[in-house]
Amino acid sequence: MQENTTNVNNKPTLNFIEEIVETDIQNSKNGSRVHTRFPPEPNGYLHIGHAKSICLNFGLAKKYNGKCNLRFDDTNPTKEDVEYVDSIREDVKWLGFNWDGEYYASDYFEQLYEWAIQLIKIGKAYVCDLTQEQMSAYRGTPTKPGTESPYRSRSIDENIDLFTRMRNGEFPDGSRVLRAKVDMSSPIMHMRDPILYRIIHTDHHRTGNKWCIYPMYDYAHGQSDSIEGITHSICTLEFEVHRPLYDWFIKTLEIHAPQQIEFARLNISYTLMSKRKLLELVNEKYVSGWDDPRMPTICGIRRRGYTPESLRNFAELIGVAKRDNVIDIALLEHCIREDLNKKAMRVMTVLNPLKVVIDNYPDTTEEMDAINNPEDETAGSRKVPFSKVIYIERDDFMEEPSKKYFRLSPGNEVRLRYAYFIKCESFVKDENGEITEVHCSYDPASRGGNSPDGRKVKGTIHWVSAQHAVDIEVRLFERLFNAYDPENYPEGGSYKDNLNPDSLKVINNCKAEPYLKNVAVLSSYQFERLGYFCVDQDSKDGKMVFNRTVSLKDSWAKIEKKEEK
RNA sequence: UGUCCUGUGGUGUAAUUGGCAACACGUCUGAUUCUGGAUCAGAAGAGUUUAGGUUCGAGACCUAACAGGACAACCA
């Protein structure tokens with residue numbers, strides 16, 4: 001974990017939420033207790049924006065010896081499903097967090113109902129028969145005050161009667177709602193008699209057909225927080241304008257008052273974060289599923305090969321504040337490279353094979369010692385078979401090299417990693433001018449990779465022995481969107497116009513050293529000089545599939561780019 | 001023509017409460033290296049949206065502008 005930055009007194013700096021929490025602790029607010037919650041609606045898969053919130057809420061609880069609940073905000077049965085509940089539980093766990101209590105807003109339906117009755121009894125809620133269109137017209141606009149509903153002055157008895165019958169299923173969907181009686185002329189739209197309950201004759205994934213009226217978010221969320229004894233209710237900025245209503249319910253009901261605090265949601269360059277649109281990408285098959293490795297979902301990122309540690313570190317690095325932000329995708333990539341550099345075993349694979357024949361090498365096989373991870377001594381070493389015919393990367397040979405090219409070219413000598421120095425003597429082209437084979441000579445004295453005469457070579461390239469190679473499939477991913485902000489598209493267009501048509505490239509028949517013949521799903525490797533790769537769940541016995549998590553930093557690519565100019 | 005929120009290097013976050021702006025990513029040098037990786041050393045890059053004001057002193061406090069964002073689902 002990265003160190004926090006420190007201030008002049010060498011104390012770690014706090015984000016604005018930690019500052020609030022520490023002040024509250026000092027003032028013995030809530031008995032100096034800290035209790036947060038992560039409250040997803042089970043209507044989709046979690047994405048990396050949620051990961052920020054998860055790290056924040058669970059992190060706060062951990063830092064201040066408090067608790068953090070997992071609470072499903074399941075107040076809309078038409079959109080929610082157990083499939084999502086399960087995936088959310090899995091994702092939070094995978095990220096490395098254990099919740100103190102697992103709750104559902106639906107656990108509180110009875111209590112919420114009783115409080116609604118209470119509100120009616122004190123004249124703070126009423127049943128309204130306005131149609132949706134009418135209600136919208138009565139509500140006014142942000143700049144124009146609303147008008148009071150003609151049903152606003154119903155008697156308490158009539159309201160109780162109607163609301164009870166709403167619950168009993170006597171009315172069809174949409175025919176009536178229960179509204180709070182607040183202030184139709186408030187400049188805050190949410191205070192213009194917001195809806196508390198609506199009629200939905202749909203089975204709920206937990207309560208079945210017990211209810212046909214369901215509470216709205218504003219009515220359910222704060223009270224759920226209150227019931228659970230939440231002290232700091234942290235949410236994203238778009239709920240800022242809801243806070244007066246959040247406080248109004250708590251105050252009117254005279255129950256425990258959590259403090260709602262809003263922070264700016266995460267945005268990442270070239271990445272789409274809207275749940276609704278991600279669902280669209282899945283439904284319309286632009287991606288293979290929620291866990292497509294190009295998706296910013298937690299399960300997608302996991303399948304891509306990101307580690308929980310790298311994500312937690314990312315959440316730490318991006319900080320928490322209230323201003324709109326766009327995090328450079330390069331920071332995310334930095335986090336996974338940093339983590340995998342320390343952990344991932346090195347291995348040699350050739351993605352785009354070019355056959356190399358070492359003419360003066362005997363027809364035998366020998367085993368070369370290769371270090372498993374230069375960053376981790378305890379990782380040990382392994383044997384890699386070497387023979388007369390090997391594959392190298394097509395990019396590692398150039399017929400007419402530029403002066404800064406250090407790899408194999410006619411007459412040039414390079415090192416085969418952990419093996420020998422080889423020198424290119426000749427090469428063969430087919431009728432299309434494509435190079436099909438390179439012939440080299442090797443220096444037997446350079447075994448292991450160093451020449452006793454102290455001769456230096458500039459380039460070291462990776463290789464795989466042809467007769468020992470195992471075929472693997474490799475999936476290379478590029479960003480899903482070409483646009484810095486995928487949501488920014490010309491008029492009449494769609495965010496889908498920003499989709500990158502080349503975001504997935506599948507390469508078959510890549511050559512790997514034998515070690516990779518059968519490795520565990522989700523395990524990560526560094527393919528030397530190429531990048532970090534992770535075993536995909538589509539792997540079958542004898543046919544491994546690897547996802548490229550992220551490439552290695554490539555300073556050669558930069559030089560190449562410069563030379564093009 | 002309402003209410004609320006936010007403006008600090010390219011990006012993000014700091015500056016403990018008023019003492020001449022720090023850290024990370026990115027970028028660029030150079031060293032080193034059996035990964036053009038990693039590592040190490042260094043550099044460039046903001047005078048804090050603007051204008052006033054308070055003060056010996058303002059990124060921070062006050063006022064006013066300007067800019068961006070949120071709010072008008074029986075979604076969350």
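Each chain gets a letter, A, B and so on, in the order its sequence line appears, and its residues count up from 1.
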Original post:
Between A/Arg455 and A/Glu413, is there a side-chain N and carboxylate O pair less than 4.0 Å apart?
Top reply: yes

Original post:
What nucleic acid atoms does A/Lys558 come within less than 4.0 Å of, heavy atoms only: base, sugar-phosphate, or nothing?
Top reply: sugar-phosphate

**OP:** Salt-bridge test for A/Glu487 and A/Lys277: reply yes if a basic N is under 4.0 Å from a carboxylate O, no otherwise.
**Re:** yes

Original post:
What integer number of Å spans the C1' atoms of B/G37 and B/U32?
Top reply: 13 Å

Subject >> Which residue lies more 5' along RNA chain B, comparing A/Asn325 with A/Thr143 via nearest heavy atoms >> reply: A/Thr143

Original post:
Rounding to the closest angstrom, what is the interatomic distance between B/U50 and B/U8 at atom P?
Top reply: 11 Å

Original post:
So, are A/Lys383 and A/Asp369 salt-bridged, with charged N and O less than 4.0 Å apart?
Top reply: yes

**OP:** Would you mind calling B/G47 syn or anti? Take O4'-C1'-N9-C4 for purines or O4'-C1'-N1-C2 for pyrimidines, and syn is within 90° of 0.
**Re:** syn

**OP:** Consider the side chain of A/Ile195, meaning its heavy atoms from C-beta on, and name the nucleotide among B/C74, B/G12, B/A76 that approaches it most closely.
**Re:** B/C74

Original post:
Pick from A/Tyr420, A/Phe386, A/Trp463: which one makes a ring pair (Phe, Tyr, Trp, His ring centres under 6.0 Å) with A/Tyr442?
Top reply: A/Tyr420

**OP:** In whole angstrom, give the distance that lies between atom CD1 of A/Ile329 and atom P of B/C25.
**Re:** 17 Å

Original post:
Which part of the nucleic acid, if any, lies within contact of A/Ile213, taking any heavy atom under 4.0 Å across all strands shown: a base, the sugar-phosphate backbone alone, or nothing?
Top reply: nothing

Original post:
If the C1' atom of B/A70 is compared with that of B/A76, how far apart are they to the nearest Å?
Top reply: 15 Å

**OP:** State whether the number of non-hydrogen atoms from other residues, nucleotides or ligands found under 6.0 Å of A/Leu476 atom CG is greater than 12.
**Re:** yes

Original post:
When rounded to the nearest Å, what value does the distance between C1' atoms of B/C40 and B/G47 take?
Top reply: 31 Å

Original post:
Which part of the nucleic acid, if any, lies within reach of A/Val326 when heavy atoms closer than 4.0 Å are counted: base, sugar-phosphate only, or nothing?
Top reply: sugar-phosphate

Subject >> Closest listed nucleotide, where the reference is the side chain of A/Thr13 and the choices are B/U11, B/A15, B/U35 >> reply: B/A15

Original post:
Taking the side chain of A/Lys322 as heavy atoms from C-beta outward, which of B/U35, B/G36, B/C5 is closest to it?
Top reply: B/C5

**OP:** Using the P atoms only, state how far B/U49 lies from B/G26, rounded to an integer number of Å.
**Re:** 26 Å

Original post:
So, do A/Tyr217 and B/A76 meet the stacking rule of ring centres under 5.5 Å and planes under 30°?
Top reply: no

**OP:** Take atom P in B/U27 and the same atom in B/G10, then report the distance between them in whole Å.
**Re:** 16 Å

Original post:
Touch check for A/Gln132, heavy atoms < 4.0 angstrom, all strands: base, sugar-phosphate only, or nothing?
Top reply: base

**OP:** State which of B/G36, B/A72, B/G69 makes the closest approach to the side chain of A/Ile559.
**Re:** B/G36

**OP:** Name the nucleic acid region contacted by A/Tyr197, choosing base, sugar-phosphate or nothing; use a 4.0 angstrom heavy-atom cut-off, strictly under.
**Re:** nothing

